[in-house]
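Right, one structure below, let's go through it.
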Amino acid sequence: MTTRLMHRMLLLPGLVALVVTFCLPVAWLLHMSFMPEPDSPPGHAAISFHAYAQVLEDGFYWWVVWQTVRIGLVVTCLTVPLSFPIALFLSRSTSPWRGTLAALAVAPLLTSTVIRTYGWMVILGRHGLINRTLLGLGVLSMPVRLDNGTFATIVALVEILMPYAIISILGGMGRLTVELEQAAALLGAPLWKVFMRITVPLALPGLLTASLLVFVLSISSLVTPQLMGGGRVFVLSTEIFSQTTQALNWPLAGALSTLLLALFGSVIVLYQRAARRLEDPA
Amino acid sequence: MAETIPPAADAFLHVRDLTKQYPGSPRPAVDRASFDLGKGRMLALLGSSGCGKTTLLRMIAGLVPPQGGHVMLGGRDMGHVPLHQRQMGMVFQSYALFPHMDVARNVGFGLEMKGMPASQRNAAVRRMLELTHLENLADRRISALSGGQQQRVALARALATEPALLLLDEPLANLDVKLREAMRAEIRALQKRMDVTCLFVTHDQDEALSTADEIAVMSEGVIQQIGTPQDIYERPANRFVAGFIGRANFLPALWQRPGWAEVPELGLLAIAEHERWQGTRTLMVRPHAIRVRMGGDMTDALRACTGHVVDLSYTGGRYGCQVRVGPYLMETELEAGTRLPIRGQEVQLDWPAHRTRVLDGTP
């Protein structure tokens with residue numbers, strides 16, 4: 001009895017922190033989204049669905065949601081396959097450099113996203129590394145626009161999110177051993193069949209976690225679409241940002257944030273369904 | 001260096017001078033290992049952990065690239081044959097069963113890779129499952145199987161493709177004693193029934209002696225002796241093999257005259273007439289060859305050594321009896337039910353001259 005009480009007591013600090021830093025702000029956000037328009041006359045109804053009506057009626061916001069999901073999907077579909085070979089290599093390597101290489105793979109996390117985004121601006125810019133090289137080689141006669149747009153946003157997001165993907169894939173490969181692949185090969189499976197029938201299925205939990213993480217991080221990212229988009233990329237996070245800082249329409253920002261939360265929620269539900277399927281395919 | 005010996009006429013598996021040295025290791029893990037194995041025969045690679053037996057097996061399987069030597073299977077050089085074309089079935093120590101497939105999918109995997117149509121494959125899988133007494137577990141997940149069942153699945157999977165060579169890496173190491181003995185007999189029966197040539201790695205000498213047609217004893221990367229279980233036990237090639245297989249007594253000896261050797265601080269011992277050597281060598285006597293006599297007549301005094309019982313311990317059906325003879329501690333055996341000496345009692349030990357084996361080197 002006392003030990004059970006003790007166990008519950010141990011949960012308390014975490015619970016308090018969760019309530020204060022997550023539940024209260026979300027509740028406040030929800031409350032905010034039901035506030036009347038900023039310039040509506042005082043004494044109006046305390047609760048208003050105006051912000052939601054505005055989001056649902058305006059085609060622009062539907063387009064923004066679609067943009068957000070599309071960029072998230074493209075980034076996920078690029079990041080996870082690019083990170084998989086690196087994670088495989090790191091998990092297989094027996095070299096004494098393995099630790100160093102693993103640290104290098106996640107080292108980008110040590111620099112701020114802002115810095116890394118600026119790095120990509122230097123590379124992709126009108127007078128950036130790629131354009132200058134291609135012009136110098138005579139491949140191009142005029143610089144092409146690589147920055148300020150969806151392309152640049154996706155490129156930067158992929159690079160920024162790869163360390164997260166690598167770590168998640170590595171963490172989810174527990175059941176995959178070299179011996180299983182060797183066994184499959186000795187049973188007559190050529191390399192690509194070993195990969196498709198053994199390696200990928202057994203790495204699937206990690207791949208799934210990585211996909212979820214990358215998708216969620218990319219649809220919630222603000223700095224990268226803001227800076228790399230050059231004002232041309234409209235996603236939910238940039239819209240929320242401009243509504244809070246420029247339009248000062250906090251109810252609208254609240255409604256958009258709730259929409260983003262709902263998006264997260266549905267992705268997590270999908271993820272959990274898939275994960276349960278993996279654990280028990282029958 | 002010895003020149004390469006051509007394969008024996010009836011050799012199905014032919015291994016010559018296989019060598020592997022891991023980087024940073026002072027000596028090769030396997031040093032010029034050579035042997036021939038006839039079709040349908042079973043060879044045990046026996047040695048303590050770290051002796052190189054698993055590395056040798058993995059080189060033959062193609063999982064570890066050798067630095068020298070070659071492997072031929074059924075007259076075909078396996079040097080550049082990729083894993084999936086080697087036609088070898090292997091049971092890993094960890095079993096390496098595919099955790100995301102059920103028992104039947106595991107057993108049928110090799111046949112599926114061969115491109116066998118599903119209907120034919122199902123029949124073949126069912127037959128394999130029957131042979132390994134797994135027919136009721138076809139739909140089970142691997143994680144829902146006991147150790148012994150997993151072992152059977154691994155064996156069924158390795159044999160399903162009817163491989164030219166079956167490789168077993170400590171297949172019984174993870175099973176408890178009772179199960180191990182049952183599985184040992186089952187593996188042997190299955191191997192004979194399917195007439196598959198088989199190589200298995202073990203550190204358990206009882207397993208090797210009771211199961212294999214031939215045993216290769218390995219130590220420090222070198223095959224010390226290859227022979228039938230009887231050869232290895234009765235006629236060990238050197239001090240290492242004699243000490244590794246079974247229990248034995250070792251005495252230093254100088255050759256005296258035909259039929260006699262002198263053991264320092266003990267006196268003359270009878271040996272076979274044909275033995276002859278210079279310097280000090282080692283005499284080996286198995287404990288069960290020694291007769292322990294109490295207060296008997298001393299007619300055979302020359303051949304017997306006299307000592308005192310140091311310890312007596314029951315080992316199930318028989319007693320182990322340690323006797324100090326001069327500076328030497330001799331292991332002997334007594335049948336339960338015979339008259340037993342007590343600790344400190346004076347006894348005479350004697351054994352027929354032909355049971356004394358002369359080995360190179362000092363004990």
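To find a chain, count down the sequence lines: A is the first, B the second, and so on, and within it residues start at 1.
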Atom group of B:Leu97 that falls short of 4.5 Å from chain A, counting heavy atoms: backbone

A:Trp63 atom CH2, over 12 foreign heavy atoms within 6.0 Å: yes

Heavy atoms from other residues, nucleotides or ligands near CZ of A:Arg92 exceed 12 (cutoff 6.0 Å): yes

Side chain proximity check, B:Met113 to A:Val194, heavy atoms < 4.5 angstrom: no

Contact origin within A:Leu202 toward chain B - heavy atom pairs under 4.5 Å: side chain

A:Phe89 atom CZ, over 12 foreign heavy atoms within 6.0 Å: no

CD (B:Gln149) with more than 12 external heavy atoms under 6.0 Å: yes

Spatial distance of atom CE (B:Met88) from atom CG (A:Leu186) [nearest 0.5 Å]: 8.0 Å

Side chains of B:Phe92 and A:Leu180 in contact at under 4.5 Å (non-hydrogen atoms): no

Shortest non-hydrogen contact between A:Ala189 and B:His84, atoms and distance: O-CB, 3.4 Å

Flag if over 12 foreign heavy atoms under 6.0 Å of CD, B:Glu162: no

Pairwise distance CG(A:Leu187) to CD(B:Glu112) - rounded to 0.5 angstrom: 11.0 Å

Expected output: side-chain B:His100 to main-chain A:Arg197 donor-acceptor under 3.5 Å: yes

Student check: side-chain heavy atoms of A:Gln182 and B:Met90 closer than 4.5 Å: no

Interatomic spacing from CZ in B:Phe98 to CD in A:Glu181 - rounded to 0.5 Å: 10.0 Å

NZ/B:Lys39: more than 12 non-hydrogen atoms of other groups inside 6.0 Å: yes

Enclosure of A:Leu73 CG (heavy-atom neighbours >12, cutoff 6.0 Å): yes

